[in-house]
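Presented below is the structure to which this report refers.
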Amino acid sequence: MARRPALAFIFVTLFLDILGIGIVVPILPKLVEQLHGGGTDSAALIYGLLVALYCLAQFLCAPLLGSLSDKVGRRPVILFALLGAGLDYFLLAWAPTLTWFFLGRIISGVTGANFSAATAYIADVSPPEKRAANFALVGAAFGLGFAIGPAIGGLLGGINLRLPFIVAGSLTLVSWLYGLLILPESLKPENRRPFSWNNANPFRSLRGLGRSKLILGLSLSLLIVNIAHYVYQSVWVLYTAHRYEWTTVQIGGSLAFVGVMAMIMQGFVGRKLMPALGEKRTMFLGIAAMALSMLGYGLSPSGWMVYPIIVLGSVGGFVTPAMQGLLSRSVGDDEQGWIQGMVTSLQSLAGIVAPPVLTAIFGYFISEKAPVYLPGAAFFFGVALLIVAASVAFSAQRS
């Protein structure tokens, strides 16, 4: 199988998948606030719980789908997840109450575990020395999807808050059809291994990360980085709407700019920079840029200041592909599905913990109960976490 076409196929599949997610992002918090009927501070916690529920389902299912893809191949797992995600968007489009929304987010989390198979697909078709650079394709697909999706979602949400779900569902089903007709299998027969419930158990298989100090340290650092990074998914829409009084169109535009910068940095700059700097230096550069950008967001009194900070923050997107590359090198070719499933599980585990905490911090510090009005408190908390993550990663590298 030629490597270049395979990477192109998985890139387009991921792009269409993320495009659907991006369309929904600008309107979901407002829809939750509408269904909940309370103020921004109380709706923030509900929204955080919805994000956490999504991540819980993803955490439980990512190792299952990753290990299953080691046995049956990446293609059928990716297609199953895309079909489920597309149908789930239509469920959310007509969900009459928050209870239905909670059910829909569980289904979204199960199908969102698709990324473990997708990143394992990239590992299959990439030589070890190029895996970190090719993992940046996930970030590039994320960037392109978020460059277009939130802008569309913001415009559609101005018409009707339910319309973005219908469009997202349609695009995701197009992605499924594309994969069904075009996407080839990447896993060679000699690299397949029997399915194991031990590896599919998210709690039991996490013990495998302790097989070396390097894997354990990098995994812990990646977990902390992802907890900090969830400030964007958890608080961004709430924060910009509250502090700068942005509309759905303005919020969608800001997220689109985030996507453009992620696409440029990870799709072009990162693929040149990472081989030149090496995975270790790239990782620490990304953590530093992420911390500085979070500090800037929390301190910015005016909305226009957000845009130059986004440029700096886009360098932070190098952290995960650099860590993925280091972790991928540490295991054999027959365990790529497992290790990438664990990376997805760690990201999901962060998502279980982070959104309720971060939205609670945001809601508290904009409420009358807070000793001081500090809408950027969640971002400052993220900075503190990144300092800890850098220390853990440095210690793991030295060992």
Side-chain angles (χ1 to χ4, degrees), residues 15-58 81-112 114 142 144-177 232-242 245-256 258-259 351 355 359:
F15 161 68
L16 291 175
D17 194 17
I18 295 166
L19 181 66
I21 297 172
I23 287 174
V24 173
V25 168
I27 55 91
L28 186 56
K30 288 186 177 296
L31 188 56
V32 169
E33 187 173 344
Q34 184 183 91
L35 290 172
H36 175 61
T40 301
D41 54 341
S42 60
L45 183 57
I46 300 281
Y47 176 66
L49 291 173
L50 279 171
V51 176
L53 189 62
Y54 170 92
C55 294
L56 175 61
Q58 191 178 62
L82 286 175
L83 178 61
L87 296 176
D88 181 59
Y89 280 124
F90 287 99
L91 169 65
L92 291 171
W94 283 283
T97 63
L98 279 175
T99 302
W100 281 96
F101 252 84
F102 277 96
L103 174 62
R105 293 306 287 172
I106 293 173
I107 299 173
S108 298
V110 173
T111 58
N114 167 42
F142 177 91
L144 184 59
F146 257 70
I148 302 172
I152 297 174
L155 291 172
L156 295 175
I159 300 172
N160 187 299
L161 288 177
R162 304 284 185 151
L163 185 58
F165 289 101
I166 297 174
V167 175
S170 301
L171 288 172
T172 305
L173 290 179
V174 168
S175 176
W176 169 77
L177 183 62
Y232 300 114
Q233 295 187 46
S234 305
V235 173
W236 183 269
V237 178
L238 299 165
Y239 176 74
T240 53
H242 174 79
E245 297 182 348
W246 281 1
T247 64
T248 55
V249 175
Q250 289 174 302
I251 293 169
S254 70
L255 291 171
V258 170
T359 53

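Not measured: the values here are computed from a predicted model. These numbers come from the heavy atoms of this one structure, side chains and all, not from hydrogens, waters or symmetry mates.
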- Taken in chain and number order and not counting sequence neighbours, the residues that satisfy side chain to side chain donor-acceptor pair (under 3.5 Å) with Trp246 are none

[X] [atom1] to [Y] [atom2] distance, which is reported to the nearest 0.5 Å:
X      : Y      : atom1 : atom2 : result
Leu50  : Ile46  : CG    : CD1   : 7.5 Å
Leu255 : Thr240 : CG    : OG1   : 7.5 Å
Asp88  : Phe90  : CG    : CZ    : 11.0 Å
Leu87  : Trp176 : CG    : CH2   : 9.0 Å

What closest approach, in Å, do [X] and [Y] show between heavy atoms, and which atom pair accounts for it?
X      : Y      : answer
Leu82  : Ser175 : CD1-OG, 3.5 Å
Val110 : Ala57  : N-CB, 3.8 Å
Gln250 : Glu245 : OE1-O, 3.9 Å
Pro150 : Ala256 : CB-N, 4.1 Å

- Does Ser254 reach the side chain of Trp236, with side-chain heavy atoms less than 4.5 Å apart? yes

- Side chains of Tyr232 and Val258: does their closest heavy-atom pair fall under 4.5 Å? no

Would you list the atom pairs, donor with acceptor, under 3.5 Å between side chains in residues 154-171 and any protein atom, with sequence neighbours excluded?
residue	atom	partner	partner atom	Å
Asn160	OD1	Arg162	N	2.7
Arg162	NH1	Leu92	O	3.3
Arg162	NH1	Ala93	O	3.4
Arg162	NH1	Ala95	O	2.6
Arg162	NH2	Ala95	O	2.8
Ser170	OG	Ile166	O	2.9

- Those residues that, when tested against Ala85, pass side-chain contact (heavy atoms from CB on, under 4.5 Å) (two or more places apart): Thr111, Thr172

